[in-house]
2 protein chains.
Amino acid sequence: MASKHDHSHAIEEVARQLPSDELLCDLGDLFKLFGDTTRIKILYSLFESELCVCAIAELLKMEQSAISHQLKILKEAKLVGSRRSGKLNIYYLADDHVRAIIGQGFEHLTEDEK
Amino acid sequence: MASKHDHSHAIEEVARQLPSDELLCDLGDLFKLFGDTTRIKILYSLFESELCVCAIAELLKMEQSAISHQLKILKEAKLVGSRRSGKLNIYYLADDHVRAIIGQGFEHLTEDEK
DNA sequence: CTATCATATGAACAGTCATTCAGATGAACG
DNA sequence: CGTTCATCTGAATGACTGTTCATATGATAG
């Protein structure tokens with residue numbers, strides 16, 4: 001069975017090397033986090049220094065609520081962390097992988113302008 | 001101007017180091033490509049060897065049409081390329097950055113299981 | 001305690017997007 | 001040519017998701 005022409009052996013070979021469905025889904029979900037301009041900007045903003053919510057909102061010229069929503073998503077994914085300082089909630093990058101991943105994407109974009 | 005408490009100096013500092021809006025958008029668009037389970041699976045399938053459309057469809061147990069749509073997106077983004085071989089259209093990874101980016105994401109997922 | 005500032009939250013809306021279905025294209029082969 | 005197989009394409013649909021608006025929470029200062 002399978003289709004008309006037979007490449008079942010090749011398929012099995014590839015299938016064997018393919019990570020589990022769950023891992024591949026997690027991988028997709030991870031990249032989904034980076035796949036939004038606002039979130040990318042937030043993460044990038046936190047590259048150099050931690051920032052409070054309203055500073056990020058000002059920086060990106062967006063409503064505080066929008067930033068807050070995205071920060072929540074990033075925090076649930078453990079890409080950022082936060083701490084209180086008086087009235088301010090200060091957010092910071094929680095993981096150095098964030099820099100590595102964005103860095104790779106950056107390289108891809110800047111290297112091959114042909 | 002600005003908000004009630006003043007962090008304009010910090011904001012300007014960060015803003016100076018922030019890449020252009022256009023680049024950040026491109027970055028988001030790039031990661032968006034990886035942010036879909038089907039596309040991740042397709043790309044991963046092509047890690048080891050090039051494959052024709054129907055082989056990918058079989059491998060992922062999905063309709064050929066769905067695969068074809070996603071391949072088109074990946075090709076427009078120049079992440080994959082294709083060549084004809086008889087009746088078959090064979091797709092392959094067009095860029096080694098794809099491996100690097102997915103590899104980074106993979107590392108993030110596998111390293112920190114706490 | 002009350003007013004105020006920073007932030008969080010929930011519902012609603014709009015836009016995006018992946019999949020499906022039906023049909024078109026295009027190469028190979030008799 | 002006409003058929004067959006592999007692939008592509010476009011429209012339609014349903015699901016998802018980012019933003020906004022209005023409001024709630026929570027901490028601080030007076």
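Below, each value reflects all heavy atoms present in this structure, side chains not excepted, and no hydrogens, waters or symmetry copies. Below, chain A is the first sequence line, B the second, and so on; all start at residue 1.
Between B:V98 and B:F34 the shortest side-chain heavy-atom distance falls below 4.5 Å.
For the pair B:E63 CD and C:dG23 P, the interatomic distance rounds to 15 Å; values are reported in whole Å. Counting to the nearest Å, the P atom of C:dT9 and the CG atom of A:L71 are 11 Å from each other. Per the geometry, CG belonging to A:L33 stands 14 Å off C1' belonging to D:dC16, to the nearest Å. We find that CG of B:N89 is positioned 11 Å from P of C:dA28, with the value rounded to whole Å. Residue A:K41 contributes atom NZ, which lies 14 Å from atom C1' of D:dT19 at whole-angstrom precision. Between B:L88 atom CG and C:dA28 atom P the separation is 10 Å, expressed in whole Å.
Partners of A:E22 by side-chain contact (heavy atoms from CB on, under 4.5 Å), not counting sequence neighbours, listed by chain and number: A:S20, A:D26. For A:K75, the side-chain contact (heavy atoms from CB on, under 4.5 Å) partners are A:V80, A:S82, A:Y91, not counting sequence neighbours. Every residue meeting the side-chain contact (heavy atoms from CB on, under 4.5 Å) condition with A:A66, not counting sequence neighbours, appears here in chain and number order: A:M62. Taking the ring-ring contact (aromatic ring centres under 6.0 Å, His included) definition, one finds that A:F106 meets it with nothing, sequence neighbours left out. Applying the ring-ring contact (aromatic ring centres under 6.0 Å, His included) test to B:Y92 and every residue at least two apart in sequence or in another chain returns nothing. Shown here are the side-chain hydrogen bond (donor to acceptor under 3.5 Å, both in side chains) partners of A:E50, two or more places apart in sequence or in another chain: A:R83. Shown here are the side-chain hydrogen bond (donor to acceptor under 3.5 Å, both in side chains) partners of B:Q17, two or more places apart in sequence or in another chain: B:E13. Here B:S49 pairs with A:V14, B:L51 under the side-chain contact (heavy atoms from CB on, under 4.5 Å) rule; sequence neighbours left out.
Heavy-atom nearest nucleotides on DNA chain D were determined for B:K72 and for A:S65, and the one closer to the 5' end corresponds to B:K72.
Ring-to-base geometry places A:H69 in a stacked arrangement with C:dT9 (centre distance under 5.5 Å, plane angle under 30°).
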Could you write out each protein N or O paired with an N or O of nucleotides 14-18 of chain C at a distance under 3.5 Å?
from	atom 1	to	atom 2	distance (Å)
C:dA18	OP1	B:R39	NH1	2.9
C:dA18	OP1	B:R39	NH2	2.7

Distances under 3.5 Å between protein N/O atoms and the N/O atoms of nucleotides 23-30 of chain D, please, pair by pair.
none

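An OP1 or OP2 oxygen of D:dA6 is reached within less than 4.0 angstrom by no side-chain nitrogen or oxygen of B:Y91.
The list of salt bridge (charged side-chain N to carboxylate O under 4.0 Å, His left out) pairs with a residue in residues 30-45 of chain A, not counting sequence neighbours, reads A:D29-A:K32, A:K41-B:D21.
Within residues 22-30 of chain A, no residue places a heavy atom under 4.0 Å from DNA chain D.
The side-chain contact (heavy atoms from CB on, under 4.5 Å) with B:Q70 is formed by just one residue from the set B:I56, B:I42, B:L33; it is B:I42.
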